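So the structure is just underneath, and the comments pick up after that.
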2 protein chains.
Amino acid sequence: MIRNPSEQLEAYLDGQGLKSTRQRDEILRIFLDAGHHVSADELYRLARKSMPGIGYATVYRTLRLFTEAGIAHERHFDDGLTRYEPHAKDTHHDHLICLRCGTIIEFENEQIEKLQSDVARRHRFAVQNHKLELYGLCESCQPKKRKS
Amino acid sequence: MIRNPSEQLEAYLDGQGLKSTRQRDEILRIFLDAGHHVSADELYRLARKSMPGIGYATVYRTLRLFTEAGIAHERHFDDGLTRYEPHAKDTHHDHLICLRCGTIIEFENEQIEKLQSDVARRHRFAVQNHKLELYGLCESCQPKKRKS
DNA sequence: TTACTATTGAGAATGGATATCAATATCATG
DNA sequence: CATGATATTGATATCCATTCTCAATAGTAA
């Protein structure tokens, strides 16, 4: 099983008869460096630093490619932008999203997952994927409590 | 406390110095009749039956109005469309969404809600609202099991 | 009625994402 | 290494949902 994202990309390109390009390698590097939850636009800006001539379309196409290759995951939060995160860690996780500063915190909860399966089973529903998002204010965006 | 949606709308309009119009009343009626999870486009088509001259913008504006008035709830599912549902029943609920036929099943689960609060508290996060969606295949869209 | 102002409808504009297409880069092969 | 077949790129046009603009119209209080 291939673990390294670069190798994973190469393997996918090979298998599909696609070509390895400077843009794809570079965008992958930047994507992985960037940390999580980048939008296409953010990635485009970052990519232009090392590749001034890069086009918008290429970034979009490449992100789709990463998704198909299993390297990235598409996320749709309520702000309407599509964001991408590396699919490195295999475990499913959910998100806490701060409505003020935009910080995104990841979490996992085994019990919730289990209860979800129960609900699905009860409705004879075959779940393929799910999404749990808690919107609100992160600690540093909350109005401070004053000491009485 | 006002319960009836029409009254609720009138009260809101009054309070904001807004006007009651045929379009708003009619769209509300259609919206409530339509059942749940209508997109603006669906509602537009429905509205044109009784009001052939209605404009797209009016439907959008009116749905936004309903949302502000607390009569409707905006939902963003992964298909990219914004859908609206009546806010009549006050209880929060989550969704099972069939990826094939688009059916949306609602459910509530007290235990999951509780676990969510726990997670939030642990991260010192003040949740304002949340979203739980399970995507997959509903019973009738699943490949039939053959009897062995 | 009148007069004030909110609302409407048509169409333009927006913004994120995708499609088009000629020029270019990749790569297996000779 | 040169070549040819073809995948990829970048610029731009296009798409689609949604919002904005603005002149005409409708609601409402007086």
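A quick note: this is a predicted structure, and the numbers were derived from the prediction, not measured. Every chain is numbered from 1 and lettered A, B, ... according to where its sequence line falls, protein lines coming before strand lines. Hydrogens, waters and symmetry mates are skipped; everything else that's a heavy atom, side chains included, is used.
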Exercise. Any Lys/Arg nitrogen of A/D25 or A/R22 sitting under 4.0 Å from an Asp/Glu carboxylate oxygen of the other?
Worked result: no
Exercise. Given D/dT18, is OP1 or OP2 found less than 4.0 Å from the side-chain N or O atoms of B/Y60?
Worked result: yes
Problem set entry | Phosphate OP1/OP2 of D/dA26: any B/Q23 side-chain N/O under 4.0 Å | no
Seminar exercise, completed: From CG of B/D14 across to P of D/dT28 the rounded distance in Å is 9 Å
Exercise. Atom CG of B/L13 to atom P of D/dG27: distance rounded to whole Å?
Worked result: 13 Å
Exercise. How close or far is atom P of D/dA7 from atom CD of A/E10, stated in whole angstroms?
Worked result: 17 Å
Exercise. Would one find a side-chain N or O of B/T82 under 4.0 angstrom from OP1 or OP2 of D/dA17?
Worked result: no
Problem set entry | A/T62-A/Q23 side chain donor-acceptor pair, cut-off 3.5 Å | no
For this session: Figure out the CD/P separation between A/Q16 and D/dT6, and round it to whole Å.
Result: 17 Å
Exercise. Nearest nucleotide by nearest heavy atom, which residue falls closer to the 5' end of DNA chain D, A/R22 or A/K19?
Worked result: A/K19
For this session: Report the relative orientation of the aromatic rings in A/F31 and A/F66; use parallel for angles under 30°, tilted for 30 to 60°, perpendicular for over 60°.
Result: tilted
Exercise. Just by distance, with hydrogens left out, do B/E108 and B/H93 show a side-chain donor and acceptor under 3.5 Å apart?
Worked result: no
Exercise. What is the distance, rounded to the nearest whole Å, between atom OH of B/Y44 and atom C1' of D/dC16?
Worked result: 15 Å
Seminar exercise, completed: Separation of C/dG9 atom P from B/R61 atom CZ, nearest Å, is 8 Å
Exercise. Within the structure, does a side-chain N or O atom of A/R24 lie under 4.0 Å from either OP1 or OP2 of D/dA7?
Worked result: no
Exercise. Within a strict 4.5 Å, meaning less than it, do heavy atoms of the A/Y84 and A/E74 side chains meet?
Worked result: yes
Seminar exercise, completed: With the side chain defined as heavy atoms from C-beta on, A/T21 is closest, among C/dT26, C/dG11, D/dG10, to C/dT26
Exercise. To the nearest angstrom, how far is A/D41 atom CG from C/dT18 atom C1'?
Worked result: 16 Å
For this session: Compare the minimum distances between each of D/dT9, C/dA19, D/dT18 and the side chain of B/Y56, then state the nucleotide with the smallest one.
Result: D/dT18
Problem set entry | Touch class at under 4.0 angstrom, heavy-atom based, for A/S20 against every strand present | sugar-phosphate
Exercise. Does a side-chain N or O from A/T58 land closer than 4.0 Å to OP1 or OP2 of D/dG10, or not?
Worked result: yes
Seminar exercise, completed: Judged by nearest nucleotide, the residue sitting upstream toward the 5' end of DNA chain D, A/G17 or B/A40, is A/G17
Problem set entry | Nucleotide nearest B/L81 when distance is taken to its side chain, options C/dT8, D/dA17, C/dC27 | D/dA17
For this session: Return the value, rounded to whole Å, for the distance between atom CZ of A/R48 and atom P of D/dT9.
Result: 17 Å
